[in-house]
There are 4 protein chains.
Amino acid sequence: MIDLAKKKRAAATPAAPARLGRPRDEAARAAILRSANAILEEKGIGGFTIEAVAARAGVAKTTIYRWWPSKGALAMAGFLAETAPKISYPNSGSARADLISQLRRVASVYGGKTGRVLAAILAEGQRDPNTMTAYIEGYARPRREAAKAILSAGVERGELRADIDLEATVDVLYGPIYYRMLVPLAPLDPKWAEKMANHVFAGLLKSRPTSPKRS
Amino acid sequence: MIDLAKKKRAAATPAAPARLGRPRDEAARAAILRSANAILEEKGIGGFTIEAVAARAGVAKTTIYRWWPSKGALAMAGFLAETAPKISYPNSGSARADLISQLRRVASVYGGKTGRVLAAILAEGQRDPNTMTAYIEGYARPRREAAKAILSAGVERGELRADIDLEATVDVLYGPIYYRMLVPLAPLDPKWAEKMANHVFAGLLKSRPTSPKRS
Amino acid sequence: MIDLAKKKRAAATPAAPARLGRPRDEAARAAILRSANAILEEKGIGGFTIEAVAARAGVAKTTIYRWWPSKGALAMAGFLAETAPKISYPNSGSARADLISQLRRVASVYGGKTGRVLAAILAEGQRDPNTMTAYIEGYARPRREAAKAILSAGVERGELRADIDLEATVDVLYGPIYYRMLVPLAPLDPKWAEKMANHVFAGLLKSRPTSPKRS
Amino acid sequence: MIDLAKKKRAAATPAAPARLGRPRDEAARAAILRSANAILEEKGIGGFTIEAVAARAGVAKTTIYRWWPSKGALAMAGFLAETAPKISYPNSGSARADLISQLRRVASVYGGKTGRVLAAILAEGQRDPNTMTAYIEGYARPRREAAKAILSAGVERGELRADIDLEATVDVLYGPIYYRMLVPLAPLDPKWAEKMANHVFAGLLKSRPTSPKRS
DNA sequence: ATGTAAACGAGACGGTACGTCCAGTCTTGAA
DNA sequence: TTCAAGACTGGACGTACCGTCTCGTTTACAT
């Protein structure tokens with residue numbers, strides 16, 4: 001009988017965590033993340049307090065603290081769960097076309113309320129290193145890798161110069177978008193993003209267009 | 001004696017408002033700004049509280065609130081008074097050389113403790129629009145104008161392409177620096193800044209080097 | 001197999017109410033009471049939390065709540081199970097001797113860590129009437145009855161005055177001990193208890209009123 | 001001039017503490033103490049929370065914490081300010097009459113809502129030693145001294161036996177009242193108090209020992 | 001010389017949110 | 001049916017700063 005039980009467990013849970021105790025309330029989890037995001041979108045970081053999130057989600061503060069160690073972690077989780085999936089990468093075969101298309105979309109999204117969420121995360125990241133790390137490892141790094149993959153495909157294809165530094169290039173393409181997202185000197189929109197990217201690309205392309213590019 | 005005083009003031013400050021009452025304590029003013037800056041440099045925005053600044057400056061909270069309306073305003077004032085002057089613009093006759101030299105210096109400064117101050121200001125700016133405005137009007141805009149002047153001189157001199165958009169170009173050159181300042185994905189140093197700028201310039205120069213530049 | 005189990009239980013407990021399901025874990029019960037008492041002895045009421053008791057007993061909180069409705073009930077149960085039995089009543093034939101001997105022992109016990117437990121129960125009783133009731137009915141009342149029996153035997157024997165009020169007399173003898181137990185104005189020890197009791201037995205007045213006093 | 005200023009201050013404030021900063025708000029202080037007392041009277045210790053007191057007094061929690069280090073300290077202060085003054089000592093020339101009159105009044109007061117306050121303080125004192133100390137030094141000790149003074153006057157006058165121990169006697173007279181205040185076995189009223197006191201004064205033994213007992 | 005008016009230090013005040021501790025309840029799987 | 005485990009709602013805790021306020025004191029000019 002002991003054997004049977006053992007076998008059963010082994011069979012039933014090849015990767016299952018053998019849950020014990022009351023299972024986590026998924027509805028609460030979802031409500032918290034949704035609320036966190038909504039508050040950041042509507043009020044920005046100024047109105048983003050754990051108490052406000054708890055109240056809006058109809059949840060006790062302790063439930064939030066049980067699962068997320070800090071405001072920043074919660075903001076990041078909400079962002080990843082709710083809005084990050086909206087921004088993916090295209091793949092058409094042209095590095096320039098793909099990236100410009102992606103930058104346009106990113107500009108459009110970051111220029112809207114999602115930008116407020118991301119700005120809040122970066123602001124919070126200035127006071128809490130863990131938040132910054134969560135942002136870097138959970139969002140920035142993977143997306144940079146995706147961008148670098150497109151760039152390096154372009155290099156191999158002969159579309160882009162062979163001597164470009166991928167990291168620096170990603171910085172050059174995305175840094176301006178973040179700056180405009182954080183600093184409302186001027187609107188952050190797809191048109192500007194395309195113009196900006198064209199400035200950059202004109203220097204990255206191996207063979208330059210004979211006729212001066214359109215800005 | 002009355003006449004003398006009047007004359008003196010009239011001479012020294014033709015538009016002075018004939019101050020009444022105890023004059024502002026310049027030592028206190030200086031101590032406050034120095035303390036604000038020092039705290040931001042040492043602790044970052046997390047440790048930057050009005051009470052901490054007051055305590056460090058040996059000053060009453062009221063004295064701070066009398067002159068600066070908010071935390072962000074104080075941070076900005078401290079930054080402008082203490083560290084902003086350190087970063088000026090060169091003028092050698094070559095837009096590319098001038099800008100790269102400037103970008104190297106900026107990278108070096110923003111990569112150090114001054115960067116922490118600026119990052120704190122931008123973070124605070126996310127919650128307080130007035131702080132953001134103060135940063136934009138008091139720091140960002142004038143410096144962008146200086147950068148644009150160099151660029152446009154380069155255009156007129158024929159060094160740079162005529163069709164570049166100055167605003168977008170400034171974004172492209174400085175955005176990446178700000179991003180690295182805010183996000184410690186990778187160090188922010190002059191070497192990287194130069195490499196990054198070269199990537200950008202290779203596309204901005206009217207006549208490109210025949211052999212691909214070495215970054 | 002079901003039948004077997006049933007039969008076995010039925011056989012083992014001929015007068016049992018035909019219990020169904022898992023039987024109560026007596027070891028857990030004992031561990032809980034022991035832990036409750038130990039915590040009260042060591043930390044006093046301040047450290048006495050259901051969670052602490054559960055942790056120390058190696059038991060789930062639910063198991064405690066299943067059997068005891070409140071903190072006070074648990075404290076009382078622990079006290080009755082562990083330490084109350086230690087204090088019984090003697091019976092030598094002299095009310096005065098018996099009571100003084102008993103008061104000495106009570107003072108000694110209440111002056112030690114058992115006193116902390118009892119003090120905690122009375123404190124908890126101030127916020128929860130059920131705890132107070134449990135203390136009164138489960139401990140105080142029966143012991144008062146025992147004391148009254150000794151007193152009334154003394155009266156019948158002619159050792160004590162006939163006009164004494166038993167309830168008031170018990171209050172007079174035990175009230176001071178409780179006061180010293182609760183208020184560390186001065187130590188609670190057998191020597192003091194004997195002196196105090198002698199005052200009560202002998203009275204305070206230099207000359208006794210000839211006619212029995214009116215109560 | 002310096003001398004003048006010094007003289008003036010010295011003259012004006014023989015005992016004044018040379019106030020600095022905004023003076024304490026006496027209205028807030030009074031409201032807090034009043035509220036603390038009222039809550040203890042109405043709800044007992046169970047409803048006595050700092051937040052409730054603050055809310056009722058229309059005062060910020062911080063204002064309470066600024067002046068009283070703990071719940072117990074606040075309760076004690078409220079008690080001393082509001083209700084303690086009501087219970088004073090008489091002085092008629094007879095120890096027995098004075099004490100019985102006083103015990104009747106104390107029983108009457110402790111049997112009412114003031115008793116709930118005092119019971120709460122003693123309960124809180126079981127978890128916080130500072131509260132206990134405050135009770136002892138601020139209330140119990142001085143009142144015991146007053147009682148002892150009456151007793152010792154009675155001794156000198158020849159009304160009371162010369163060999164009584166004053167401390168033990170006070171315990172005997174007041175201990176029962178406290179016990180009934182804390183434990184609602186039976187009502188605490190003046191009639192009972194008088195009967196109880198008479199037992200003490202007269203003694204329990206039918207025949208008194210000829211030679212004064214040795215305690 | 002004295003009076004007026006602003007600046008300053010000190011610090012109390014009403015508040016908001018923090019992050020934590022426990023209470024007491026609930027939900028699951030195993031015994 | 002009990003038990004262990006542990007997630008849940010909820011109330012209060014004591015703390016840190018906020019931005020405002022009320023003082024007594026200081027300083028410089030104006031009379």
Side-chain angles (χ1 to χ4, degrees), chain A residues 1 5 8-9 12 18-29 47-52 54 58-67 69-71, chain B residues 1-2 5-6 9 18-29 48-52 54 58-67 69-71, chain C residues 19-29 48-52 54 57-67 69-71, chain D residues 1 5 9 18-29 47-52 54 57-67 69-71:
Chain A
M1 185 154 151
K8 191 169 150 197
R9 197 175 295 123
R19 311 319 250 99
L20 205 54
R22 176 173 175 175
R24 179 167 184 180
D25 183 339
E26 281 304 321
R29 189 190 123 95
F48 183 69
T49 62
I50 299 281
E51 300 207 329
V59 141
K61 264 200 299 177
T62 33
T63 302
I64 296 181
Y65 282 110
R66 198 188 335 276
W67 298 109
S70 67
K71 239 155 84 140
Chain B
M1 181 151 152
I2 292 159
K6 262 187 186 162
R9 195 175 301 117
R19 312 312 253 92
L20 205 58
R22 176 175 176 172
R24 178 166 184 183
D25 183 339
E26 279 305 319
R29 189 190 121 97
F48 184 69
T49 64
I50 298 281
E51 300 205 329
V59 140
K61 267 200 299 177
T62 17
T63 303
I64 296 181
Y65 280 110
R66 195 181 343 267
W67 300 108
S70 69
K71 236 155 84 142
Chain C
R19 314 308 254 90
L20 205 58
R22 176 172 175 174
R24 177 166 185 182
D25 182 340
E26 279 304 321
R29 188 190 122 96
F48 183 70
T49 63
I50 298 281
E51 300 203 331
V59 140
K61 267 201 299 178
T62 15
T63 303
I64 295 181
Y65 280 111
R66 196 181 342 268
W67 300 107
S70 68
K71 233 154 85 140
Chain D
M1 183 154 151
R9 197 175 296 124
R19 314 317 254 96
L20 206 53
R22 176 174 176 174
R24 178 165 184 182
D25 183 340
E26 280 304 321
R29 188 191 125 95
F48 183 69
T49 62
I50 299 281
E51 300 208 327
V59 140
K61 263 200 299 177
T62 35
T63 301
I64 296 181
Y65 281 111
R66 195 182 344 268
W67 298 107
S70 67
K71 239 155 84 141

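Hydrogens, waters and symmetry mates are skipped; everything else that's a heavy atom, side chains included, is used. Sequence lines set the chain letters: A, B, ... in the order given, protein chains first and strands last, and positions in each chain run from 1.
Not one side-chain nitrogen or oxygen of Arg24(D) sits closer than 4.0 Å to the OP1 or OP2 atom of dG11(E). Applying the 4.0 Å criterion to OP1 and OP2 of dA6(E), one finds that Trp67(B) has every side-chain N and O outside that range. Put simply, Arg22(C) has no side-chain N or O that comes within less than 4.0 Å of OP1 or OP2 on dA30(E). Taking 4.0 angstrom as the limit, Arg66(D) places a side-chain polar atom (N or O) nearer than this to OP1 or OP2 of dC13(E). Phosphate proximity of dT25(E) to Thr62(C): absent, as no side-chain N or O sits under 4.0 Å from OP1 or OP2.
Atom CZ of Arg66(B) sits about 9.5 Å away from atom CZ of Arg24(B), to the nearest 0.5 Å. The line from CD1 of Ile64(A) to NZ of Lys71(A) is 11.5 Å long, rounded to the nearest 0.5 Å. For the atom pair OG1 of Thr62(C) and CH2 of Trp67(C), the computed distance is 12.5 Å after rounding to the nearest 0.5 Å.
In this structure, Ala52(A) and Gly47(A) approach most closely via the heavy-atom pair CB-O, 3.9 Å. Closest of all the heavy-atom pairs between Ala54(A) and Ala60(A) is CB-C, 4.3 Å.
To the nearest angstrom, P of dG11(E) lies 18 Å from CD of Glu26(D). Across the protein-nucleic acid pair, Leu20(B) atom CG and dA6(E) atom C1' stand 7 Å apart, rounded to whole Å. Taking atom CD of Glu51(C) as the reference point, atom P of dC8(F) lies 15 Å away to the nearest angstrom. The CG-P distance, from Asp25(B) to dA28(F), rounds to 9 Å in whole Å. Taking atom CZ of Phe48(D) as the reference point, atom C1' of dG11(F) lies 16 Å away to the nearest angstrom. What separates OH of Tyr65(A) from C1' of dA7(F) is a distance of 18 Å, to the nearest Å.
Nearest to the side-chain atoms of Thr49(B) among the listed nucleotides dT28(E), dG6(F), dC17(F) stands dC17(F). Candidate nucleotides dC21(F), dA23(E), dT25(F) were compared by shortest atom distance to the side chain of Lys71(C), and dA23(E) ranks first. Comparing dC8(E), dG14(E), dC18(E) against the side chain of Val59(D) picks out dG14(E) as the nearest. With dA31(E), dA12(F), dC8(F) as the candidates, the nucleotide lying closest to the side chain of Lys61(A) is dA12(F). Of the candidates dA30(F), dC8(F), dC3(F), the closest approach to any side-chain atom of Thr63(C) belongs to dC3(F). In this structure, the nucleotide among dA10(E), dA12(E), dC13(F) sitting nearest to the side chain of Ile50(D) is dC13(F).
Heavy-atom distances to DNA chain E give each of Gly58(D) and Gly58(B) a nearest nucleotide, and the one nearer the 5′ end belongs to Gly58(B). Taking the nucleotide of DNA chain F with the nearest heavy atom to each of Gly21(D) and Ala52(D), the more 5' of the two is matched to Ala52(D).
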